[in-house]
Amino acid sequence: MSIAQNVSFTAQATTAKIGVKDQVQLTYTIQNVQDLRALGGPEGDNFKDFEITGGPFQSQSTQMYVANGRMVQTSSYSITFVLRPKRTGNLTIPPGVAKDAAGHNYQSNSVSIQVVNGSLANAQPRGNQNPFDDPFDDPFAAMQQRRMQQQQRQQQLQQQQKPVNMDDINKDLFIRVVVDKSKVHVGEQITASYKLYARIPMQMGISKLPSLNGFWTQDFEMPKGNVKPIEEVVNGKKYQVFVLKKSALFPQQTGTLELDPAEAQGVARIIQQVQQRNPFADFFDDPAMQKAMGSMMMNDPFFNNAFFNQMAYRDVQVHLKSTPVKITVTALPDKGKPADFGDAVGDFNIANKIDKKELTTDDVANLTITITGSGNLKLIEAPKLNLPNGLESFDPAIIDTITGRSTTISGSKIITYAITPHTPGDYQIPAIPFSYFNPQTGAYVSLSTQPITLHVKPGKHYNPNVPSASNNIALKDIHNIETKSLKALTFNGKPLLYTPVYWSMYGLPLLAFVGMLFWKRREEKLSKDIIGLRSKRANKVALKRLVTAQKLLQQNSEKPFYEEVSKAIWLYLSDKLAIPLSSLSRESATDALAMRKVSEELQVRLNKVVSECETALYAPTMGVKQMHTTYKDAVKILSDLEEAV
């Protein structure tokens, strides 16, 4: 058996001795391994002196239970083979092998099997050899066997006749959902604890959590490994209490919200009094013994004493359900609510920074706003920017980071705006207001960032608007006024008034003015069409990432390669589907692609490449050949998506 970091890996056979014509079942079981990647028999399933006649059959189980007063979490994976020996003798089944995502290799124990001629499948087990194994050699052996069978039948009969009273079990074992407050404002945190109360031995685990309609939830981190229970007194009785789960709930609507019951199931061990038959009864039931001993000893109270009544344990399947919990949610007060309020409830701070204050019209500046504190972080709306004319920004990129999960949910919300200047000059990004409701004080708090000054210079591609001709006319350009009649103004012998050249001098400026007006309106429309701009940008961003990925592929840099391919796909989907990265997931992307009638086959190929990238980032063992395949698939998929979307 190999043990590393509480990992247990064992091999076990159903029997230690078989006939050469028989089969044996062998099971490899590994427990408490994190992110198992591979589990099997010997390398290449080479069992040497055995051939595989069945399997492998795989199974998996995860359980959280209480043992010896502690909360224990276990997970196990098993693989089973059915084997037939190739020859007789003392044969050895080689150990199994396993591997986790971290690269740790595990090896089980080997198993020894004695193989004899013929078949033992129909042979009766004889147990340990001793002088009384044969009932013909031991006059008491048959009587002892009958007594054991009678005891088993008697216990089964008594258990059937005495059904378990579940009401009694529910008094000693139950589950509760405990909240720290039942009256809150919209967005205010509620801490819900799922507790198991026990006065009897059991093995229990949560089977169903309450549906949280109307709530946003964030789970607290629970201690890993064995957890000591706490002691609570309920109705004058002491209970061992185990916290199975703890969550922060943030209500999103007003009214009376109800948490449905939480459910748990498992096994409870109860104690029942079982009346056992006198172990000497069968001996004295023998007619010969009755004749020899007479009736005096048979009526002795000793042989009918209650001493032979025993306390037997019985394991009972139990299904527990908590009582529903009602939460009263009131609206946030209108009094004092700021105009810029963005649904933030808790206690927060705000700060801003920009990566460059001097740039050209060809550059992009990244303005980052960071909101830190505790409360409904993920539900806070991004503040709106009021940029001066000449500057514009796209939808911000938002990253939510939860750093504290002890008593309150705390962390930061990082909002990044990409700002592009169009015209040179000095600009000031005004202070950005931010407000939140503090449930502790029952009042609104208003904050703001510091204003930022930008200096923008003309870039290489800057093309200022052409000034009007009237502004460029100088006095020196005015010639002497012609005093001749119009008839004297001719072109190719014809009066100028009657030639196309004359009228074109009026038409061309008019057409130029109309063209400039159309171009300006088109640019204004495009600048407002953020979705259109992002859609056009999608191809450029993806192409740039794939070019970088190709260079990394040539360098055989596995992890950076898969990072670039993954970013190319996700950034393309974000821009093309107009979904912010903070809201983008496989589910949201699948729904958006389905709305655009993208084929299921293409969606399957897309998910396959995304899964390959995720797997390679956590277990970089894909190989160069797979990298080439992933790159080709990614290029093909993005090309097909462009045509489909």
Side-chain angles (χ1 to χ4, degrees), residues 337-344 346-373 375-401 411-437 444-465 520-521 523-537 540-541 571 574-575 578-583:
K337 180 183 290 188
D340 56 33
F341 180 68
D343 298 332
D347 188 9
F348 302 100
N349 289 311
I350 187 171
N352 68 332
K353 65 177 181 179
I354 197 164
D355 60 348
K356 60 186 72 173
K357 293 185 177 181
E358 293 188 0
L359 64 162
T360 70
T361 54
D362 297 335
D363 295 334
V364 176
N366 293 310
L367 174 64
T368 302
I369 298 174
T370 304
I371 301 173
T372 58
N376 60 344
L377 272 169
K378 290 188 177 181
L379 303 178
I380 298 176
E381 296 180 2
K384 295 182 179 179
L385 294 183
N386 294 318
L387 297 177
N389 293 332
L391 301 179
E392 69 170 341
S393 66
F394 300 103
D395 289 343
I398 302 175
I399 299 176
D400 294 307
T401 303
S412 60
K413 191 180 194 76
I414 302 173
I415 308 165
T416 303
Y417 299 85
I419 298 177
T420 58
H422 294 309
T423 308
D426 292 322
Y427 299 90
Q428 185 178 72
I429 300 176
I432 301 171
F434 171 74
S435 58
Y436 63 91
F437 178 78
Y444 292 95
V445 179
S446 295
L447 305 173
S448 64
T449 62
Q450 295 295 322
I452 297 176
T453 301
L454 294 182
H455 178 64
V456 180
K457 299 178 182 179
K460 294 181 179 180
H461 303 288
Y462 175 66
N463 184 17
N465 292 331
K520 186 176 182 180
R521 289 184 177 180
E523 290 297 315
E524 291 177 352
K525 184 178 180 181
L526 288 176
S527 64
K528 295 178 181 178
D529 184 13
I530 303 300
I531 295 177
L533 288 174
R534 292 186 63 183
S535 180
K536 291 182 178 181
R537 188 182 65 176
K540 296 180 181 179
V541 174
L571 290 174
S574 176
D575 288 337
I579 302 176
L581 282 174
S582 59
S583 304

I need the minimum non-hydrogen distance between L367 and I429, along with the two atoms involved.
CD2-CG2, 4.4 Å

Out of curiosity, T361 OG1 to K457 NZ, how far, rounded to the nearest 0.5 Å?
12.0 Å

So does D355 get a backbone contact from the side chain of N366, meaning a donor-acceptor N/O pair under 3.5 Å?
no

In this structure, OH of Y417 is separated from CD1 of I398 (nearest 0.5 Å) by 7.0 Å

In terms of heavy-atom contacts, Q428 and T453 come closest through NE2-OG1, 3.9 Å

Could you check whether any side-chain N or O of S412 sits under 3.5 Å from a backbone N or O of I414, counting only pairs where one atom can act as donor and the other as acceptor?
no

For K413 and D400, the nearest pair of non-hydrogen atoms, with its separation, is NZ-OD1, 2.9 Å

So CD1 of I354 and OG1 of T416: to nearest 0.5 Å the spacing works out to 11.0 Å

Kindly say whether P458 contributes a backbone atom to a donor-acceptor pair with the side chain of T360 at under 3.5 angstrom?
no

Residues, nucleotides or ligands: over 12 heavy atoms within 6.0 Å of D426 CG
yes

I'd like to know if the side chain of T401 reaches the main chain of G411, judged simply by a donor and an acceptor atom lying under 3.5 Å from each other, with no hydrogens or angles considered.
no

Smallest heavy-atom separation, P396 atom then I415 atom, equals CB-CG2, 3.6 Å

Check whether more than 12 heavy atoms from other residues, nucleotides or ligands sit under 6.0 Å from atom NZ of K337, and answer yes or no.
yes

4.5 Å side-chain heavy-atom contact, D363 and P421:
no

Between T423 and V456, is any pair of side-chain heavy atoms under 4.5 Å apart?
no

Distance in Å, N352 CG paired with S448 OG, rounded so as to fall on 0.5 Å steps
9.0 Å

Return the minimal non-hydrogen interatomic distance between T449 and A351, and the atom names on each side.
CG2-C, 4.3 Å

Is it true that D340 and S435 share a donor-acceptor pair across their side chains at a distance under 3.5 Å?
yes

Please check if the number of heavy atoms outside K356 that lie under 6.0 Å from its NZ is greater than 12.
yes

Please tabulate, for the side chains in residues 375-388, all donor-acceptor contacts under 3.5 angstrom to protein atoms that are two or more places apart in sequence or on a different chain.
residue, atom, partner, partner atom, Å
N376, OD1, V345, N, 2.8
N376, ND2, D343, O, 3.0

Heavy-atom closest contact (I579 atom, S574 atom, distance)
O-OG, 2.6 Å

In this structure, which one of Y436, F434, F341, F348 forms a ring-ring contact (aromatic ring centres under 6.0 Å, His included) with Y444?
F341

Value rounded to 0.5 Å, distance of NZ in K353 from CD1 in I369:
12.5 Å

